[in-house]
There are 2 protein chains.
Amino acid sequence: MKPRHIHHTEDCRAVSAILQRIGDKWTVLVVSKLGNGPMRFNELRHIIGGISQKMLTTTLRGLERDGFVTRTMFPTIPPRVDYDLTELGHELLVPVNALGEWAKQNTNRVNEARAKFDAACPERAKVRKAA
Amino acid sequence: MKPRHIHHTEDCRAVSAILQRIGDKWTVLVVSKLGNGPMRFNELRHIIGGISQKMLTTTLRGLERDGFVTRTMFPTIPPRVDYDLTELGHELLVPVNALGEWAKQNTNRVNEARAKFDAACPERAKVRKAA
DNA sequence: CAGCATCCTCCAGGATACTG
DNA sequence: CAGTATCCTGGAGGATGCTG
């Protein structure tokens, strides 16, 4: 028996769920940076560049909640807070980096397809934020 | 020489970019379904379930534009349109499925961390859509 | 330094109605 | 059947100002 249409619907939903979780604007960027070792709040902020303080807070809080990073407070003055990847965070980085590798190697193909499509039918290309 | 802080910033951005591209609500779901073979518009619509006709159109158009799927029109009456994964689309599925596999195997850990976090400090958990 | 609180904008995405 | 055209809402995310 060799079913052509296996309906692992749950699986698909799982992929979808994780992708939506980490597919926001900053999550993977933060996780990637933390992959190099623990970092302080503003250190992250500046190395990432372009992220608002609010979103960095939100992103880190979410990652902490999901068990991907730890938050260590030093009750000094001024305060110091270190963020670091957990084991789970490091593990997440593996498949994420694999996808990133794929992305790097295929960006050209995508861009070419995109240019071709836009050139072929400018009409239907308006899908993307109307010229 | 063993640099601890390698700044493959471009790489991170690439990961981020692809994740935002496919990290929307429906893209991977559609690609996954098409992984089983070509499908018609409404066939996809029903097998996915819950997707609005507008979003299916938008999602498919985007995937077509980026070279992940092909769109084949049969000028019959009523019209028939087949969507199918391109080679690029199939290749994308590989790392995506790997991530999906990771997701399936670690959802529990994430949920546990989440529950623990919420139980520990309900205050800070309000990050998620305020109780 | 590392946040929290507030306000505001933009757009992903749903609902509905119409068409070749 | 496979769309297109509109309208509308929620929430992601930026900007700014204040605090322990």
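Quick note: numbers below take in every heavy atom, side chains included, and nothing from hydrogens, waters or symmetry partners. Residue numbers begin at 1 in each chain, while the letters A, B, ... track the order of the sequences.
- Between B/I22 atom CD1 and C/dA12 atom P the separation is 17 Å, expressed in whole Å.
- Residue B/F74 contributes atom CZ, which lies 16 Å from atom C1' of D/dG3 at whole-angstrom precision.
- Nearest approach of A/R114 to B/D66, heavy atoms of both residues: NE-OD1, 2.7 Å.
- Look at NE2 on A/H46: it is 14 Å from C1' on C/dG3, rounded to the nearest Å.
- OP1 or OP2 of D/dG14 has at least one side-chain nitrogen or oxygen of A/K25 nearer than 4.0 Å.
- Comment: A/R109 does not engage B/E87 in a salt bridge, judged by the lack of any side-chain N to carboxylate O separation of less than 4.0 angstrom.
- Going from atom CG of A/D82 over to atom P of C/dC1 covers 14 Å, rounded to whole Å.
- An OP1 or OP2 oxygen of D/dA2 is reached within less than 4.0 angstrom by a side-chain nitrogen or oxygen of B/R40.
- In this structure, of C/dA2, C/dG13, D/dA2, it is C/dG13 that holds the atom nearest to the side chain of B/D24.
- The CE atom of B/M73 sits 14 Å away from the P atom of C/dG20 (whole-angstrom rounding).
- Sequence order on DNA chain D of the closest nucleotides to A/I51 and B/F41 puts B/F41 first from the 5' end.
- Atom CG in A/L56 sits about 16 Å away from atom C1' in D/dA15, given to the nearest Å.
- Hydrophobic clustering of Ile, Leu, Val, Met, Phe, Trp and Tyr side chains at less than 4.5 Å, counting indirect connections, unites B/V69 with B/M73.
- When the nearest nucleotides of DNA chain D are assigned to A/P79 and A/W26 by heavy-atom distance, the more 5′-ward of the two goes with A/W26.
- The backbone N or O of A/G67 lies less than 3.5 Å from a partner atom in the side chain of A/T86, making a donor-acceptor pair.
- Within the structure, a side-chain polar atom (N or O) of A/R71 is placed less than 4.0 Å from OP1 or OP2 of C/dG3.
- To the nearest angstrom, P of D/dA2 lies 12 Å from CE of B/M39.
- You'll find that the side chain of A/K54 is closest to D/dG13, out of C/dG3, D/dG13, D/dA2.
- Each of A/T57 and A/P78 has a nearest nucleotide on DNA chain C; the 5'-most of these lies closest to A/P78.
- Comparing atom distances between the B/Q53 side chain and each of D/dA5, C/dG13, C/dC4 picks out D/dA5 as nearest.
- Of all the heavy atoms in B/L44 and B/M39, the pair that sits closest is CD2-SD, 3.8 Å.
- For the pair A/Y83 and C/dC1, the criterion of a side-chain N or O lying under 4.0 Å from OP1 or OP2 is not met.
- Rounding to whole angstrom units, CE of residue A/M55 and C1' of D/dT16 are separated by 16 Å.
- Of the side-chain N and O atoms in A/R61, one or more sit less than 4.0 angstrom from OP1 or OP2 of C/dC4.
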